[in-house]
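Just so it is clear, the values below take in all heavy atoms, side chains as well, and ignore hydrogens, waters and symmetry mates. Remember, it's 1-based here, ligands and their atoms both numbered in the order they're listed.
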Amino acid sequence: MYHLIYVGIDDTDSSSGMCTTYLCAVVMDELKDYGFPIIGYPRLIRLNPFARFKTRGNGAVSFKVLVKSYEEFETVKNIILNRVKQLSHLKEENTNPGVVFYKVKMDDYNLDLDDLDSKLVLPSVLEDYSQNTVRNMVTIEDAERIADSIGAEIYKFKKGRGIIGALAAIGCPLDDSTFELLAYRMPVNYGTKRRIKYETVLEMDQNTYPCTFDNLDEEEGYVAIEPHTPCPILYGIRGETSDCVKKAQSMVKSCEPIERTAIFITNQHTDQHLKKISQISKMDKFKCYIVKGEVAENPHIIEGGHVILKLYDDSGSIECAAYEPTKGFREIFKQLIKGDLIVVYGGIGEKGTLNVEKFKIVKLANAYDAINPLCSCGKRMKSAGKNKGFKCPKCGRKIKDNHKILLEVKRNLKEGFYDVPPSARRHLSKPLIRCQIGKKD
Ligand code: ATP
């Protein structure tokens, strides 16, 4: 009797190294070496970006493997659990791995392995839990309850917090998805400067964009495929299809060997973390939203170069920020004025400020310059003193009226969407190019 085993893994790495995707790639290669078929692409699922104990991008992984007997299932479990034990950074306080196995009997499906992936249906309670883990905070107990209700086996190392993400990575619905190809370094090179031939990244981008995206940030002179942490990844190429990320890899050259490569299907760049909400007052901290409102006052800049504005609707108001790392985006955000009607996309952090990932200008307000009136002699008048009206510097004529003339000025902004550069993009955030080409939008 065939069984399909869904395997979820999370919380194996730390800021000093390792990466759960790498552990997943190692385990999958090992299972393949033992002759166990891996079904479809492994998944890299990004969860709530505000989760408290995340190391970096709050990613969790899952994959599916086929077994023919109870003994094979036990072998598969042992291989996986041993590797997790061996490769996880267990000595780090905040590394608390979790592994989940969810077994499905295969008599309901015919065994055309190529087609199997598209026929699989997961329990709705698991899908709901997973979607909730992308958008909200959940507890280890929540994960245990759901795992128990569907008969999934959980394995906790230390506190085992990783079961939260491991279960979500198995069950996350992917109505929209992208791919990421990850090339891993030889362990001997970990922690050293990555030796990617940057001109080949430029060439790859020119040949494959927009099917691949976020390869570079030309304005910032930033190579976005290269991580800046001591993790095992040499580079990650993001794209719409597995074919285009493979093609892109064939173009990128490096002066160091690649140990292995894995392609993940992922919820990255799909905006799955954002919930559309109709009232500002209903938004909470540590969650991400799409919300419409009117700019309450012209933006101001705070220390560090962050641009802040207040957005309001009938229900309340919220402070929104375009932070310094968003560079040119911040300059655009700064040009918004009181009265502009906008839709913001982003998440609310610890201090209650919404971190803007992109925004849409629905309607621009009229902007005015206040200038002194013209004198009947044709000369622009000057102020005659506080509340004393105006005086003509040429003919000396005075008027008592204090009001300046409002002159409409042209706005440099246009209605439409604006988003952050690749260097500042969050993993889940959907770039405008994806919205424009409209894949499953
Ligand atoms: P990397 O991206 O490098 O793999 P990470 O940022 O994914 O690292 P983890 O080491 O996986 O960080 O730690 C995140 C922890 O938070 C995991 O234990 C995961 O199970 C848990 N977690 C994920 N999402 C939530 C959530 N919505 N609520 C509570 N805990 C969560």
Side-chain angles (χ1 to χ4, degrees), residues 7-27 42-63 84 87-100 126-147 152 154-172 180 182 184-185 190 226-234 236 238 262 264 266-269 272-275 284-288 347-350 425-429:
V7 182
I9 308 173
D10 194 17
D11 208 344
T12 64
D13 54 10
S14 72
S15 49
S16 60
M18 192 32 63
C19 171
T20 307
T21 68
Y22 176 71
L23 201 153
C24 178
V26 170
V27 160
R43 297 164 138 225
L44 164 56
I45 302 299
R46 299 286 174 180
L47 303 164
N48 187 341
F50 291 107
R52 194 167 147 220
F53 294 102
K54 68 174 189 163
T55 313
R56 287 181 288 265
N58 203 10
V61 300
S62 72
F63 64 90
V84 170
L87 293 178
S88 296
H89 278 200
L90 289 170
K91 290 207 177 95
E92 303 281 339
E93 194 196 336
N94 270 338
T95 301
N96 292 286
V99 181
V100 176
L126 175 61
E127 292 200 336
D128 293 348
Y129 160 84
S130 306
Q131 177 73 62
N132 197 29
T133 313
V134 175
R135 291 194 177 164
N136 299 311
M137 296 299 181
V138 302
T139 62
I140 297 178
E141 293 71 37
D142 291 330
E144 283 171 333
R145 193 171 32 81
I146 299 297
I154 56 176
Y155 287 84
K156 291 156 73 176
F157 295 80
K158 293 164 61 189
K159 290 184 188 140
R161 189 179 296 113
I163 62 163
I164 296 174
L167 190 61
I170 291 175
C172 186
E180 179 159 12
L182 290 163
Y184 299 103
R185 317 180 75 186
Y190 289 177
E226 178 182 6
H228 298 278
T229 59
C231 73
I233 298 171
L234 179 61
R238 294 162 186 225
F264 289 83
T266 167
N267 64 347
Q268 287 175 165
H269 307 302
Q272 194 180 30
H273 59 316
L274 302 173
K275 180 176 177 199
D284 294 321
K285 277 185 194 176
F286 309 126
K287 296 184 187 179
C288 305
I348 305 177
E350 170 84 61
R425 190 160 3 256
R426 277 201 156 143
H427 291 296
L428 276 160
S429 208

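- Distances below 4.0 Å separate heavy atoms of G59 from the following atoms of ligand 1: 2 (O), 4 (O), 5 (P), 7 (O), 11 (O).
- Side-chain contact check for C288 versus F50: some heavy-atom pair is nearer than 4.5 Å.
- Between the side chain of N132 and the backbone N or O of V138 there is no donor-acceptor pair closer than 3.5 Å.
- In terms of polar-atom proximity, defined here as any N/O pair under 3.5 Å, R161 does make such a contact with ligand 1.
- A heavy-atom separation below 4.0 Å is found between R46 and ligand 1.
- Taking every non-hydrogen atom of G162 and a distance limit under 4.0 Å, the qualifying atoms of ligand 1 come out as 18 (O), 20 (O).
- Considering only non-hydrogen protein atoms, atom 13 (O) of ligand 1 sits nearest to F53 O, 3.4 Å.
- A cation-pi arrangement, defined by a distance under 6.0 Å to the six-membered ring centre and an angle within 45 degrees of its axis, is absent between R46 and F264.
- Residue contact check: L47 has heavy atoms under 4.0 Å from atoms 23 (C), 24 (N) of ligand 1.
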- [ ] Decide salt bridge (Lys or Arg N to Asp or Glu O under 4.0 Å) for R56 and D13; before the verdict, give the C-alpha distance in whole Å, the side-chain angles of both, and the deciding distance to 0.1 Å.
- [x] CA-CA 10 Å; R56 287 181 288 265; D13 54 10; 3.5 Å; yes
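- Within the structure, the closest approach of N94 to ligand 1 does not fall below 4.0 Å when heavy atoms are considered.
- The closest heavy-atom contact to atom 8 (O) of ligand 1, among the options D13, V61, T12, comes from D13.
- Close approach of ligand 1 to N48 is summarised as follows: ligand atoms under 4.0 Å from at least one heavy atom of the residue are 27 (N).
- In terms of N/O distances under 3.5 Å, ligand 1 is approached by G57.
- For the residue pair H89/S14, the side-chain donor-acceptor check at 3.5 Å is satisfied.
- Summarising the local packing, NZ of K158 is surrounded by more than 12 heavy atoms from other residues, nucleotides or ligands at distances under 6.0 Å.
- Residues F53 and N58 form no side-chain contact, since every pair of their non-hydrogen atoms from C-beta on lies 4.5 Å or further apart.
- At a 4.0 Å cut-off, at least one heavy atom of N58 sits close enough to ligand 1 to count as contact.
- Checking Y22 against T12 by side-chain atom types alone, no donor-acceptor pair falls below 3.5 Å.
- More than 12 heavy-atom neighbours from other residues, nucleotides or ligands sit within 6.0 angstrom of CD on E141.
- Nearest protein neighbour of atom 12 (O) of ligand 1, counting heavy atoms only, is T55 N, 2.8 Å.
- The contact set between ligand 1 and N136, taken as ligand atoms under 4.0 Å from a residue heavy atom, comprises 26 (C), 27 (N).
- For ligand 1, the atoms closer than 4.0 angstrom to any heavy atom of D10 are 11 (O), 17 (C), 19 (C), 20 (O).
- At least one donor-acceptor pair under 3.5 Å links the side chain of H269 to the backbone N or O of S429.
- Among protein heavy atoms, the minimum distance from atom 28 (N) of ligand 1 is reached at V138 N, 3.0 Å.
- For the pair R185 (side chain) and C231 (backbone), a donor-acceptor distance under 3.5 Å is absent.
- Residue contact check: T133 has heavy atoms under 4.0 Å from atoms 24 (N), 25 (C), 26 (C), 27 (N) of ligand 1.
- The protein heavy-atom contact nearest to atom 15 (C) of ligand 1 is D11 OD2, 3.9 Å.
- Proximity of a side-chain donor or acceptor of K285 to a complementary backbone N or O of I348 within less than 3.5 Å is not detected.
- Looking from atom 30 (N) of ligand 1 to the surrounding protein, the closest heavy atom is I164 CD1, 3.6 Å.
- Close contacts between ligand 1 and A51 involve ligand atoms 24 (N), 25 (C), 31 (C) [criterion: under 4.0 Å to a heavy atom].
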